[in-house]
Structure formats: C-alpha cells, structure tokens
Amino acid sequence: MNILRELRRRFAEALGAIVDDPGPLLDLIRPAQDARFGDYQANCAMPLAKRLHQSARDVAESLVARLRVGDLCDRPEVTERGFINMRLRDDWLDGWLRGASADPRVAIEPTASPRAFVIDYSSPNVAKPMHVGHIRSTVIGDAIRHILAFLGHTIVSDNHLGDWGTQFGMIIYGYKHFLDRRAYEKHRVDELGRLYKLVNQLAEYHELKERLPKAESDLARMDAQRADLAARVETLAGPERKKVAKDADRLDAKIKEAREEIGRIRARLAAVDDDPVKRALAREHPAIGERVLEETARLHEGDAGNRRLWAEFLPDCRLELAKAYQRLGIRFDYELGESFYHDFLGKVVAEFESRGLARTSEGATCVFLDGFETPMIVRKSDGAFLYATTDLATIQYRMATWHPDAVLYVVDSRQSEHFAKLFAAARLWGYDSVELRHVSFGTVLGEDGKPYKTREGDAVSLASLLDEAVARAYRVVCTVDDAKPSGRELSDEQRRRVAEVVGIGAIKYRDLSHNRTSDYVFSFDKMLELDGNTSAYLQYAFARVHAIFARGGIERPLPAGTERSADAGPPFPTVEERALAMALARFHETLDDVTIDYRPNMLTTYLYELAGHFSRFYTNPQCKVLKAETAELREQRLRLCDVAGRTIGQGLRLLGIQTVDQM
RNA sequence: GCGCCCAUAGCUCAGUUGGAGAGAGCAGUGGAUUUCUAAUCCACCGGUCGGGGGUUCGAAUCCCUCUGGGCGUACCA
C-alpha cells in the first residue's frame with residue numbers, strides 16, 4: 001500500500017469541501033522531514049490561509065476537523081504556524097507489517113493502471129570496446145526497466161546498437177589497408193579495435209592539420225585585439241574604462257581557451273608525427289576521412305564486398321558485448337541495431353517529402369521545425385541517411401510492433417536537442433499520443449572537469465573497471481573473513497562469488513546513487529568504495545538478516561503468527577523498531593516516486609536509509625531478536641528482520657544488484 | 001552569437017520540484033564488541049547553499065542580473 005497516496009485521497013475529500021481544486025494542494029502532503037514532526041505532514045493550510053482570509057492555524061484546524069484518518073493515524077497535530085503533523089497508529093503499522101511478512105511482494109500490489117513501455121538504453125557502438133561512459137545508460141535503463149516491471153507495467157527493452165554507421169566504414173577501411181592478419185586470426189575484436197583507433201587517429205590527424213592554421217590565425221587576431229584594448233584602456237576613465245577593462249578580461253579568457261585548444265591540436269598531431277610508422281601512414285592516406293565515408297556509403301548501398309566484411313565482423317563484436325552484459329547481469333528483450341532499420345529509411349524520407357513535412361535545402365533533405373534554429377536533416381546532400389532518419393524509422397517500427405504508451409530513451413543529455421527535434425518531427429508525422437521521453441543523464445567527467453578520458457585519450461575500458469572492482473572486493477572479503485572471531489567462514493569459491501557480487505554492485509550503485517541529470521566526476525577509487533553509502537552496506541545488512549534466520553534455524557516464509565494478546569504491550573517498544581517498521585512501510589511510495597521522473601537515486605537513498613534503520617535496530621542491545629524477552633517480541637522482531645531483508649533484497653534486485661547470504 | 005545544464009562542508013554528492021535549526025558519504029578527531037556478522041553503531045569537527053537584487057506567510061529551490069564552469073549548435077552518432 002502506498003500510504004502517502006492513501007493520505008492524499010483522504011485529504012482530497014476534506015479539502016473538497018473547502019476549495020474547488022484540491023489537486024495542487026495534495027502535493028503538499030509528504031513524508032515528515034524530521035522524525036519529531038511525526039511520519040507525514042500536510043503543508044496545505046499555509047497557502048490557503050490568504051485565500052480564505054483566515055490564519056493558517058485556523059485553516060489547519062478546520063481541515064483536520066473534516067479529515068477522516070482515524071483508522072490510519074493518531075489525531076493529527078496542528079502547529080502554531082499551520083503545519084499538520086500525522087503519526088501512523090502503532091496498531092495499524094503492526095497490521096501492515098504482518099501483512100507484508102505474509103506477502104512475497106512485501107505488500108506492494110501491482111498498479112491498477114498498467115502502461116506499455118519501450119525502453120531504449122545502453123545502445124553502444126559495437127565497433128568499439130565498452131568503456132566507463134557506457135555504464136550510465138546501461139545501468140540506469142536497466143534499473144528503470146526492473147522498477148516499472150515490478151510495479152506491473154509492460155516493458156520491452158531494446159538495445160539500439162550502433163552497428164551501421166561510420167565506425168564500420170572505419171574498420172572496413174582499416175581492414176583493407178592496415179590489417180595484421182595474424183593478430184586478426186588470434187583475436188578478431190582486439191584487432192578490429194586497433195584498426196578503428198588507428199583509422200580514427202589518422203582521419204583526425206588530417207582534419208586537425210587543416211584546422212590548425214585557422215586556429216592560429218584566430219589567436220593572432222585576438223592577440224591584436226587585446227593589445228588594442230590595452231591601449232584604449234589607458235586613454236579612458238570612469239565607467240568607460242571599466243567597461244573596456246571587462247571586455248579585455250573576457251577576451252583574455254577566450255585567448256586562454258584558444259591557446260589550450262591549439263595546444264591540444266598540436267599534441268594530437270605530435271602523437272602521429274613523432275611515430276615514424278604512423279607518420280608514414282598519414283602521408284600515404286591523405287584523404288582517409290573521405291575514403292572512410294565512401295566505404296560507409298558502399299556498405300549502405302549494398303556493395304557485396306563491404307557487406308561481407310560487415311557480416312564477418314558483426315558476430316564477434318556482438319559476442320564481445322554479450323560478455324560484458326552477462327557479467328553485468330543485464331539482458332535485453334530485443335537488440336535491434338541501426339542496421340535493422342536500413343531498408344525503411346528511404347520510405348521514411350519519401351513519406352516526409354510527400355506529405356510536405358520535409359524539403360530540400362542546400363542539397364539536403366530537411367525537416368524544419370518550429371522553435372529550432374536549424375532543421376533536422378534526414379538525408380545528406382550526398383544521399384546518405386543519418387541517425388535522425390534511423391531514429392524516425394525506429395519510432396515507426398516500435399509503434400507498429402509494440403504499440404507502447406511511452407518510449408523512454410536513456411541517453412546522454414548532450415543529445416537533448418536531437419531528441420527534442422526527433423520528438424517534434426514524430427508528432428508532425430502523426431505520433432502525437434505516445435509519450436516520447438528523453439530520460440537524459442549527465443556526463444561522466446575526469447578530475448579536470450572535462451568529459452572523462454585517460455591521458456592517452458582513450459577511455460578506461462569497462463572490463464578493466466569491473467576487474468579492478470572485483471579484485472578490490474576480493475581483498476576486502478579476505479581481510480574481513482580472516483578476522484572473524486571464530487576464524488574463517490568462507491571457502492575461496494564463496495569469497496570469489498562474494499567479491500563478484502560486491503564489486504559489480506559497487507559500480508552500479510555508485511552510478512545509480514547520483515541524481516541522473518548531474519554530471520559527475522569519475523574517480524576510480526570512489527567508484528570502488530565499499531564503506532559508507534555503498535551497495536556493500538546494503539548487501540551487508542541483507543546478509544546480517546540472513547544470519548539471524550540461519551543462526552536460529554528459522555524457515556521462511558514465516559508462519560502467520562499468533563494474534564496480539566491484550567497484555568502484550570506496545571508492538572514497537574523501542575524507537576529503533578518503530579522507525580524500522582515505518583521505513584519498511586514506505587517502500588511502495590518510494591517506488592512510485594522513482595517512476596514519476598525515472599530517478600533511481602530516490603531508491604538508493606531510500607534503501608540506504610532503510611539499511612541504516614536496520615543497522616541501528618540490529619546493534620541496539622535492547623532489540624535482541626533470537627534472545628528476545630518474550631515469544632511475542634521475538635516473533636515481531638523476526639517479522640521486522642524478514643521484511644527488512646526482503647525489502648533490501650528486492651530493492652537491490654530492482655537496481656540490478658545481487659545479494660549474498662554471507663559476507 | 002544563440003540555446004540548454006550546472007555552482008551546496010576540505011573532497012564527492014543528496015536535497016522528494018516553494019515548507020519547520022541545510023543533509024549524507026569520504027577525509028579528520030574521539031568513543032562502543034563477556035554481543036544474533038565491527039564491511040557495524042554513536043559523538044564531535046566542518047556551510048555567506050558562487051555574488052547581488054526581487055517575488056512569497058516561507059527561497060538552496062521560482063524570476064532578474066553579475067561571475068565562473070560544462071555541453072550543444074546544417075549534413076558524426
């Protein structure tokens with residue numbers, strides 16, 4: 001049961017008698033921010049006070065008088081300033097706990113209004129090995145999928161692989177000119193990765209070489225302007241002088257930026273020039289950029305040789321990805337890559353043209369959209385299609401095949417303009433009833449605040465990050481297990497299993513616990529932390545619950561239990577027990593909150609706090625479970641442990657994180 | 001130039017969309033184990049919520065402005 005929703009329903013009735021539109025006021029009913037204010041608070045009296053020409057306190061009082069929550073809460077308290085504080089009745093909470101203990105879904109009923117979702121996430125480029133930048137889309141998308149599915153929605157997850165673009169032109173070109181046959185036969189994907197990097201580097205070399213003179217002349221021009229400003233400042237006084245000085249400061253910033261840019265260009269060029277082999281290759285392939293595009297075009301046109309190469313590369317590339325997904329425990333319902341849509345693209349463009357939605361401009365076929373400075377180009381002047389075209393075809397296919405109510409794109413926020421145009425174009429096209437949603441996330445930055453790269457310019461590979469996480473977790477498992485009072489408890493096989501679960505979990509949790517819209521600074525050490533607010537903390541709480549049941553030899557699910565006897569005393573004698581029960585009862589509203597704006601970090605925050613309540617309960621000497629003073633207390637505490645363990649386990653599962661019984 | 005996003009403790013980040021002394025983790029300091037797992041718990045230290053103005057009963061949150069960052073910006077994805 002979503003308690004918050006229930007309270008809002010009750011308030012809607014009470015407010016209905018006072019105002020016409022209770023809707024917005026209901027948002028002001030929320031969990032209490034501070035335990036001393038109770039469990040929930042309603043802040044709707046204050047904004048009403050002015051409208052009704054009464055004091056907030058009086059409004060609150062009359063609201064409470066109309067409110068019927070006696071079965072749920074103790075009598076609501078009204079404060080001087082007009083806050084309404086509510087505390088759930090202990091017997092109600094006790095009844096809830098008994099129900100949750102008997103329910104495999106810990107008292108979370110599926111939604112009454114299920115929707116059909118298509119979720120598009122991960123979507124890596126198959127020609128390159130996955131790196132740390134791919135974690136966010138993959139992990140966030142997977143968590144959203146699990147959460148929506150658990151709440152009863154219908155989900156199709158679709159990995160929109162990049163298997164058809166310029167990157168294949170690059171490896172085809174590389175294969176034709178730079179292949180190391182022996183390396184290719186030994187490990188195809190590694191050799192393809194090398195070819196990709198090499199071709200990319202050479203193409204970039206020529207591009208930068210062309211750009212450098214302009215960058216240098218721009219800088220020279222700015223330097224001249226700067227000198228000019230410096231001279232003018234001397235001739236001025238007062239506000240005029242201030243203004244010019246400020247312009248000079250701005251220009252200085254730009255000059256600094258330009259110098260840095262030129263420095264970066266020179267470094268990239270030097271990486272080729274200083275390597276005799278690469279320098280020779282660069283000389284031999286002066287038009288590599290255009291040649292790559294030609295290879296791509298030939299692939300798309302159906303050139304037999306290039307199609308054969310593509311078909312040769314693809315299975316290995318996909319196998320490599322599959323390994324990464326398997327290790328992460330992630331599966332997709334479909335993996336329809338860009339290549340799947342190739343045959344639809346011409347028709348899509350033709351339809352946009354015939355319906356007058358697109359027209360030719362500067363040789364390219366463009367969809368002009370209100371509110372955008374630049375059009376969405378669906379066909380280049382050389383006839384090639386773009387990812388915008390593919391994305392439109394993908395919408396058409398998904399709508400026709402799965403009829404979703406909503407399509408979620410879990411993609412980097414840097415593509416927000418692309419999606420805004422895509423969705424606008426889709427609406428013009430007639431898809432105006434489906435909710436198309438860019439679930440954007442921030443960029444992973446390096447310590448320097450720039451998008452993450454290692455010094456060599458290559459991102460850290462996902463595999464090496466996972467390996468390191470598991471290795472570190474293994475070291476901790478061994479240290480901790482060796483130090484147990486009664487000696488080591490885990491076999492090496494168990495230790496390795498725990499390390500895998502804890503290590504992978506740490507990485508996923510670290511990412512999911514950030515607000516998805518924020519950029520965040522990548523830190524190898526922070527990513528692999530196992531102390532504090534980390535998945536290991538939750539996994540540890542889970543294992544402790546398991547230990548209690550194992551130690552007591554108690555089977556689960558728990559039996560229904562005896563009725564409370566009249567002289568049993570309060571159901572939650574300590575604040576720790578009450579707080580834990582209350583936290584458990586909030587699982588449902590947390591999940592509902594997550595889905596409002598697809599924010600998994602609301603779930604991590606909840607689980608961390610829940611595990612904290614459990615730990616405080618567990619470490620309180622007055623909350624002994626197996627050695628509880630009475631049979632009734634023991635039963636009750638076992639219920640708390642049971643529901644706590646299953647809630648944490650379920651919550652972690654929804655985040656795509658596994659648990660172990662012992663660690 | 002235009003557009004979007006951001007600035008919160010030494011560091012990394014939350015802050016439920018405007019609510020009651022501004023929070024967590026890490027780092028630092030000090031405590032707790034005859035105990036169902038100490039990968040734990042408790043306490044202390046640490047803040048001009050980038051600056052200034054405004055709206056409001058009430059602002060880290062909304063508006064304006066300044067400063068400083070990031071990203072995007074016609075044929076890459």
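Throughout, a chain's letter reflects where its sequence line sits, starting with A, and its residues are numbered from 1.
Residue A:Phe37 is in base contact, counting any heavy-atom pair closer than 4.0 Å across all strands shown. Nucleic acid contact for A:Asp661: base, since at least one base atom lies under 4.0 Å from a heavy atom of the residue. A:Asp597 comes within 4.0 angstrom of a nucleotide base, judged by non-hydrogen atoms across all strands. As judged by a 4.0 angstrom heavy-atom cut-off over every strand, A:Ser416 is placed among residues making no nucleic acid contact. Looking at heavy-atom distances under 4.0 Å, A:Asp382 makes no contact with the nucleic acid at all. The residue A:Cys366 sits close to a base: some heavy atom pair falls under 4.0 Å.
For B:rG21, the base is syn relative to its sugar; the glycosidic angle is within 90° of 0. With its glycosidic angle within 90° of 0, B:rU17 adopts the syn conformation.
A donor-acceptor pair shorter than 3.5 Å can be found between the side chains of A:Asp163 and A:Ser339. Inspection of the A:Thr394 and A:Asp391 side chains reveals no N or O donor paired with an N or O acceptor under 3.5 Å.
With P as the reference atom, B:rG23 and B:rG28 are 24 Å apart, rounded to whole Å. Across B:rG72 and B:rA38, the matching C1' atoms stand 50 Å from one another, rounded to whole Å. B:rG68 and B:rU8 have their C1' atoms separated by 16 Å, with the value rounded to a whole Å. Distance check on atom P: B:rA59 versus B:rU16 gives 16 Å, rounded to whole Å. B:rA27 and B:rC13: their C1' atoms are spaced 14 Å apart (whole Å). For the P atoms, the distance from B:rA60 to B:rG50 is 10 Å, rounded to whole Å. Rounded to a whole angstrom, the distance from the C1' atom of B:rG10 to that of B:rC45 is 12 Å. Across B:rC62 and B:rC49, the matching C1' atoms stand 16 Å from one another, rounded to whole Å.
For A:His514, the side-chain atoms get nearest to B:rA14 when compared with the rest of B:rG19, B:rA14, B:rU37. With B:rA39, B:rU17, B:rU73 as the candidates, the nucleotide lying closest to the side chain of A:Arg599 is B:rU17. Comparing B:rA39, B:rA74, B:rA77 against the side chain of A:Tyr387 picks out B:rA77 as the nearest. For A:Arg510, whose side chain is taken as the heavy atoms from C-beta onward, the closest listed nucleotide among B:rC41, B:rU12, B:rU16 is B:rU12. The side chain of A:Tyr608 lies closest to B:rG25, out of B:rA74, B:rG25, B:rU40. Nearest nucleotide to the A:Lys484 side chain, out of B:rA77, B:rA74, B:rU37: B:rU37. For A:Val502, taking side-chain heavy atoms from C-beta onward, the closest of the listed nucleotides B:rA14, B:rA39, B:rC41 is B:rA39.
Side-chain atoms of A:Arg8 come within 3.5 Å of backbone N or O of A:Ile29 as a donor-acceptor pair.
Per the geometry, CG belonging to A:Leu345 stands 11 Å off P belonging to B:rA77, to the nearest Å. A:Glu373 has its CD atom 9 Å from the P atom of B:rG3, to the nearest Å. The CG atom of A:Asp531 sits 11 Å away from the P atom of B:rG28 (whole-angstrom rounding). Here the P atom of nucleotide B:rC5 and the CD atom of A:Glu417 are 12 Å apart, to the nearest Å. The interatomic distance linking A:Asp525 (CG) with B:rU12 (P) rounds to 14 Å, in whole Å. Rounding to whole angstrom units, NZ of residue A:Lys526 and C1' of B:rU12 are separated by 4 Å. If you take CG of A:Leu490 and P of B:rU37, they are 13 Å apart, rounded to a whole angstrom. Atoms CZ (A:Arg81) and C1' (B:rU56) sit 13 Å apart, rounded to a whole Å.
Side-chain N/O atoms of A:Ser361 and base N/O atoms of B:rA74 include a donor-acceptor pair closer than 3.5 Å. The base of B:rA39 has none of its N or O atoms less than 3.5 Å from a complementary donor or acceptor on the side chain of A:Tyr540.
A:Arg544 has a side-chain polar atom (N or O) that falls below the 4.0 Å cut-off from OP1 or OP2 of B:rA38. Note on A:Asn515: every side-chain N or O is 4.0 Å or more away from OP1 and OP2 of B:rU16. The side chain of A:Arg616 contributes an N or O atom lying less than 4.0 Å from OP1 or OP2 of B:rC42. The shortest distance between the side-chain N/O atoms of A:Tyr409 and the OP1/OP2 oxygens of B:rA77 is not below 4.0 Å. Distances shown here put a side-chain N or O of A:Arg551 below 4.0 Å from the OP1 or OP2 atom of B:rU37. The side chain of A:Ser518 contributes an N or O atom lying less than 4.0 Å from OP1 or OP2 of B:rA14. Between A:Tyr618 and B:rU37 there is a side-chain N or O to OP1 or OP2 distance below 4.0 Å. For B:rG21, neither phosphate oxygen OP1 nor OP2 lies less than 4.0 angstrom from any side-chain nitrogen or oxygen of A:Arg36.
Note on A:Lys484 versus A:Asp481: salt bridge recorded, some NZ/NE/NH1/NH2 to OD/OE distance being below 4.0 Å. Salt bridge A:Asp519/A:Arg136: absent, no basic N to carboxylate O contact under 4.0 Å. At a threshold of 4.0 Å, the pair A:Glu294-A:Arg291 counts as salt-bridged, since one of the basic side-chain nitrogens sits closer than that to a carboxylate oxygen. Salt bridge status for A:Arg5 with A:Glu589: absent, with no side-chain N to carboxylate O gap under 4.0 Å.
For B:rG72, the paired base is B:rC2 (Watson-Crick or G-U wobble, both distances below 3.5 Å). Across all strands shown, B:rA39 forms no Watson-Crick or G-U wobble pair with both distances under 3.5 Å. Pairing for B:rG25 goes to B:rC11, judged as Watson-Crick or G-U wobble with the two contacts each under 3.5 Å. Pairing for B:rU16 is absent, judged as Watson-Crick or G-U wobble with the two contacts each under 3.5 Å. Applying the Watson-Crick and G-U wobble criteria (two distances, each under 3.5 Å), B:rU34 pairs with nothing in any strand.
Annotation: the span from A:Leu48 atom CG to A:Asn43 atom CG amounts to 11.5 Å, rounded to 0.5 Å.
Residues A:Arg30 and A:Tyr40 form no side-chain contact, since every pair of their non-hydrogen atoms from C-beta on lies 4.5 Å or further apart.
In this structure, A:Glu362 and A:Gln41 both approach RNA chain B, and ranking their closest nucleotides by distance from the 5' end singles out A:Gln41. Between A:Thr517 and A:Cys623, the one whose closest nucleotide on RNA chain B sits nearer the 5' end is A:Thr517.
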